[in-house]
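I have placed the structure first, in the form of structure tokens, so that the comments after it can refer back to it.
The basis for the numbers below is simple: all heavy atoms, side chains too, and nothing from hydrogens, waters or symmetry mates.
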Amino acid sequence: MTESKPLNKLYKIANFLSNQEECKTCRLCEDNIGLVYVLNLEAKAIGREHIVTTSAGINFFARTSDNHCPYFEKESGTCNIYEKRPLCCRLYPLDLLFEDGEYWWIAYSDCPIFKRYEKNMSLNILRNKLLSLEYELDLETLKELKNIAINIRSIESIGRENFAFYKLKKLNNKEIL
């Protein structure tokens, strides 16, 4: 698989999240989150076999008949494409959302990782990671993430009925040409 250098930088920044004590397996996320969106560069690297594209041009993994990610191994609780997993999985519980005419970096507040950071009053660690992530975002990926952010509520509603979130910080104004 040939990976994009901009995505590799983003993956490295997001790596701290998958090293959390709650993330020994993918089971927690698999049982509690909605759909997994896939960036265009990631779809090329992973292959389109299990990818569905919405009318807004957003790729996501089609769920199995028992409502799991097609790459989730139920017995072990692991991901069959862990090394190639999308940014969406790497960043969870962080995401970008379009709310009240603005783009916000959010944390899904039902995630135990977020709850622990909130309890320990260490949300600035998450904000600082998001600043690093923003700095490394190329304009093409940013444009795609903004499209996802605008449509995320309708995508999430397919995977779960409602979701609670906490606004961490506004997206810095980075111009899209």
Next item on the list: Please lay out, stage by stage, how Glu42 and Arg85 fare under the test side-chain contact (heavy atoms from CB on, under 4.5 Å).
Entry: CA-CA 8 Å; Glu42 294 170 325; Arg85 73 194 183 284; over 6 Å; no
Item checked: Full working for side-chain contact (heavy atoms from CB on, under 4.5 Å) between Leu168 and Ile106 -> CA-CA 5 Å; Leu168 286 168; Ile106 63 163; over 6 Å; no
Next item on the list: For the pair Leu97 and Tyr103, evaluate side-chain contact (heavy atoms from CB on, under 4.5 Å) and give the outcome as yes or no after the intermediate values.
Entry: CA-CA 6 Å; Leu97 179 73; Tyr103 292 95; over 6 Å; no
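A tilted orientation is assigned to the rings of Tyr166 and Phe114, their planes being inclined by 30° to 60°.
Formation of a donor-acceptor pair under 3.5 Å by the Asn151 side chain with backbone atoms of Asn147 is found in this model. With hydrogens and angles ignored, the 3.5 Å screen pairs a side-chain donor or acceptor of Gln20 with a backbone N or O of Phe16.
Between Lys129 and Glu134, none of the side-chain N atoms (NZ, or NE/NH1/NH2) sits under 4.0 Å from a carboxylate O, so this pair counts as no salt bridge.
In this model, no donor atom of one side chain and acceptor atom of the other lie less than 3.5 Å apart for Asn59 and Tyr37. Side-chain N/O atoms of Asn120 and Ser122 include no donor and acceptor closer than 3.5 Å. Between the side chains of Arg48 and Thr53, at least one donor N or O lies within less than 3.5 Å of an accepting N or O.
With a 6.0 Å cutoff to the six-membered ring centre and a 45° limit on the axis angle, Lys146 does not count as a cation-pi contact of Phe98.
Residue Leu94 is grouped with residue Ile150 when hydrophobic side chains (ILVMFWY) are merged at heavy-atom distances under 4.5 angstrom, including chains of intermediate members.
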